[in-house]
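Since this is a predicted model, take the numbers as computed values, not measurements.
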Amino acid sequence: MFGKLTWQAIPFDEPIALGAAALIGLVLCAVLVWVIVKGYVPYLWREWITSVDHKRIGVMYCVLAMIMLLRGFIDALMMRSQQALALHAPGYLPPEHYDQIFSAHGTIMIFFVAMPFVIGLMNFAVPLQLGVRDVAFPTLNSVSFWLTAAGSFLVTLSLVVGEFARTGWLAYPPLSELTYSPGVGVDYYLWALEISGIGTLMAGINMATTILKMRAPGLSYTRMPVFCWTSLASNLLIIAAFPILTAVLSMLLLDRYCGFHFFTNDAGGNPMMFVNLIWAWGHPEVYILILPAFGVFSEVISTFSGKPLFGYRSMVAATMVICILSFMVWLHHFFTMGAGGDVNGVFGIMSMVIAVPTGVKVFNWLFTMYGGRIRFTSAMLWSVGFMVTFVIGGMSGVLLAVPPADFALHNSLFLVAHFHNVIIGGVLFGALAGTAYWFPKAFGFTLDERLGKAAFWFWLVGFYVAFMPLYVLGLMGMTRRMQHYDQPEWRPWLLIAAAGVLLILTGIALQVAQLFVSIRTRNQRRDPTGDPWDGRTLEWTTASPPPVFNFAIYPDVTGAEPYSGMKERALESMQPAQEPKYEAIAIPRNTPTGFVTAFFAVVTGFAMIWHIWWLVTIGLIGAYATFVAFAWRDVGETEIPAEEVARIDRATREVRAAALRRTHARQHEQGQSA
């Protein structure tokens with residue numbers, strides 16, 4: 001009746017896994033009890049779980065990313081501590097547990113930390129920067145988020161029931177085939193990524209449609225903020241690349257469940273086809289993650305330098321060139337697989353060429369800062385730290401793009417250091433900069449800057465202490481994924497790396513403290529103008545937090561120069577001399593469709609993993625019934641009367657006027673000092 005699910009699936013003989021599961025269970029129960037006792041359940045259901053407001057969904061994406069960051073970081077802490085102890089000794093993690101940890105770490109950090117972070121920031125900020133009231137498909141947006149959450153839940157559930165994959169985060173065949181991985185670990189991996197990948201694809205379609213088809217009057221393509229351009233490029237890549245991921249994982253599922261031979265070593269299969277397909281998705285995925293971070297840095301550096309972004313058109317051109325070239329470099333991930341000198345040479349050259357538009361961006365950011373009145377807020381510090389760290393990661397990437405060098409360094413810790421140099425120094429720093437930058441827009445009060453700056457320095461120093469030794473170890477010949485080793489000269493470097501992870505842990509603890517202190521003292525941190533940074537784009541022209549409809553009147557963007565004075569023009573258009581003519585605004589109704597769909601996705605995925613076929617049937621019927629119920633709904637929108645729109649807008653026009661006056665005063669003061 002329960003397929004392969006038995007009591008042996010519970011890890012009673014693994015105290016670490018069981019203890020971690022118990023701790024997660026206790027935390028969840030404590031949070032649930034607190035929510036119930038405080039009477040927050042109706043509010044959470046009404047305002048968050050069933051919300052289709054892009055701002056709420058963006059915040060939930062970021063909260064999911066932060067929670068999974070803690071989960072993934074614990075895996076990193078365990079790996080580094082295991083290797084620090086494992087000279088001539090087994091350490092405290094058995095090989096099969098260690099293999100699950102490094103597989104889960106990569107999967108969580110890419111799919112359930114980096115992706116939700118960047119999609120969350122795009123969800124929150126892009127419609128506001130475009131001057132529109134919501135995304136193109138609000139309910140689809142909710143479904144996208146909850147499917148991503150469903151995938152993260154399945155990965156976490158593998159900690160308690162069964163096991164996770166022991167194949168690495170890309171699950172190469174033949175190791176991931178049924179012959180070599182007969183357990184449920186690979187199935188957890190495949191179903192979690194299939195479900196979340198569908199959610200990501202829908203999010204990409206939604207956001208690309210929003211940018212292409214929904215912009216404020218006068219906001220042409222050449223006036224869009226750079227964050228909107230990088231978001232467009234990222235979502236176009238999602239639309240092109242994620243179907244490849246879905247297809248290749250589906251083929252592996254058919255191999256495992258139905259005896260197909262797409263990637264087996266016999267019966268006409270070809271494991272190298274999996275490697276080609278997974279990296280045809282995987283390298284664009286790197287740019288799916290980093291391009292929105294580039295957009296965040298563009299907004300932050302321009303705002304806190306008090307200047308328009310230098311070379312706007314070249315920045316846009318560089319973004320779209322990266323978007324195209326990212327599909328032409330995937331083979332550099334397997335130069336050592338025997339493709340031949342000609343093929344390796346072409347992909348090596350293309351891998352070096354793609355560094356050119358990235359270099360254009362770095363110079364544009366530096367020239368934006370040059371001559372500006374720089375304010376070193378925590379968001380600006382993350383941006384400056386990124387530029388230094390990312391350049392180092394980029395140079396090591398160009399080195400790995402040279403096939404002979406890659407032959408020597410492939411599969412070594414040098415590659416691990418390079419990858420983290422790019423992902424942490426680029427994507428994560430960008431996500432944290434964006435969080436600090438847009439947090440007051442989302443919640444109406446700023447984060448504690450003192451703790452934010454302290455967290456940045458621990459993160460930055462900790463990163464260098466943790467990963468620079470891995471470059472050395474890679475040059476010394478230490479390969480990836482080693483559970484133990486017998487080279488005494490490696491251990492000092494591994495001890496330094498472990499110390500760096502502890503510094504990063506301190507940075508994370510400071511960020512938790514920052515959030516706690518900021519919420520506790522939020523009344524002292526509120527900025528009634530809604531624009532604490534003197535921002536330069538349209539999101540700062542509305543209240544903080546914005547009303548559910550974002551803009552009572554669509555801003556009318558005019559002028560040829562997209563940044564200088566853009567906020568002032570938007571503010572002036574929102575405050576005409578005469579009382580504006582308000583109209584009723586229709587907003588989509590909240591719906592539980594996303595949450596219910598995710599519930600049945602979890603049920604179906606769990607049942608497929610354990611071969612509980614009757615439960616699979618229930619899950620599929622439930623998902624289909626949810627779709628039918630939503631499609632046949634009678635009322636899809638709620639109308640906010642013109643009087644209510646007017647009341648909300650009048651309450652915020654004065655503070656917007658104060659923001660405008662403050663901007664004028666600052667510019668006048670800068671002019672006098674100049």
Side-chain angles (χ1 to χ4, degrees), residues 31 44 47-49 51-73 108-129 135 141-153 156 196 199-200 203-204 206-207 227 230-231 234-235 238 288-293 295-297 299-300 378-379 382-383 423-424 426-448 452 455-456 459 507-508 510-512 514-516 518-519 522 539 544-546 594-595 598:
V31 171
L44 289 174
E47 298 293 334
W48 291 93
I49 294 174
S51 177
V52 295
D53 184 347
H54 73 94
K55 301 179 289 296
R56 296 279 169 98
I57 292 171
V59 170
M60 288 192 290
Y61 265 116
C62 292
V63 170
L64 173 66
M66 291 175 185
I67 293 171
M68 296 307 290
L69 174 62
L70 295 176
R71 165 76 174 83
F73 181 78
I108 288 169
M109 288 300 197
I110 294 298
F111 292 99
F112 303 114
V113 176
M115 284 300 296
F117 243 139
V118 298
I119 292 176
L121 292 175
M122 289 189 292
N123 245 295
F124 178 82
V126 166
L128 291 168
Q129 289 196 331
V135 292
N141 201 22
S142 173
V143 174
S144 302
F145 165 73
W146 285 109
L147 287 179
T148 302
S152 68
F153 180 80
T156 305
S196 64
T200 300
N206 201 349
M207 193 59 62
F227 183 67
T230 58
S231 298
S234 176
N235 285 284
I238 287 175
I288 288 169
L289 297 175
I290 199 65
L291 283 171
V296 170
F297 296 128
E299 303 300 327
V300 169
S378 58
W382 287 114
S383 302
I423 297 299
I424 294 180
V427 179
L428 190 56
F429 279 21
L432 295 174
T435 300
Y437 183 62
W438 282 308
F439 188 92
K441 174 51 61 179
F443 298 103
F445 61 93
T446 58
L447 289 168
D448 184 279
F456 161 76
W459 260 102
I508 292 174
L510 286 169
Q511 288 174 304
V512 174
Q514 177 194 29
L515 194 59
F516 176 78
S518 301
I519 294 173
R522 59 187 178 277
E539 74 268 32
S544 297
F595 183 78

Would you please name every residue forming a side-chain hydrogen bond (donor to acceptor under 3.5 Å, both in side chains) with [X], sequence neighbours left out?
X: S544; result: K441
X: W146; result: none
X: N235; result: none

### Message
Tell me whether the count of non-hydrogen atoms from other residues, nucleotides or ligands lying under 6.0 Å of CZ in F439 goes above 12.
### Response
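More than 12 within 6.0 Å, yes.
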
Test your reading of the model: is there a side-chain donor-acceptor pair from [X] to the backbone of [Y], 3.5 Å cut-off?
X: R71; Y: M68; answer: no
X: S234; Y: T230; answer: no
X: Y61; Y: L121; answer: no
X: S231; Y: P292; answer: no

Determine whether [X] and [Y] make a side-chain contact, defined as any pair of heavy atoms from C-beta on separated by less than 4.5 Å.
X: Q511; Y: L432; value: yes
X: H54; Y: L128; value: yes
X: P440; Y: F445; value: no
X: V300; Y: W382; value: no
X: L447; Y: L515; value: yes
X: F456; Y: L510; value: no

### Distance in Å, Q129 CD paired with E299 CD, rounded so as to fall on 0.5 Å steps
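Separation between the atoms: 4.5 Å.
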
### Task
Kindly assign one of parallel, tilted or perpendicular to the pair F227 and W438, based on the angle between their ring planes and the thresholds 30° and 60°.
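Rings of F227 and W438: tilted, as their planes differ by 30° to 60°.
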
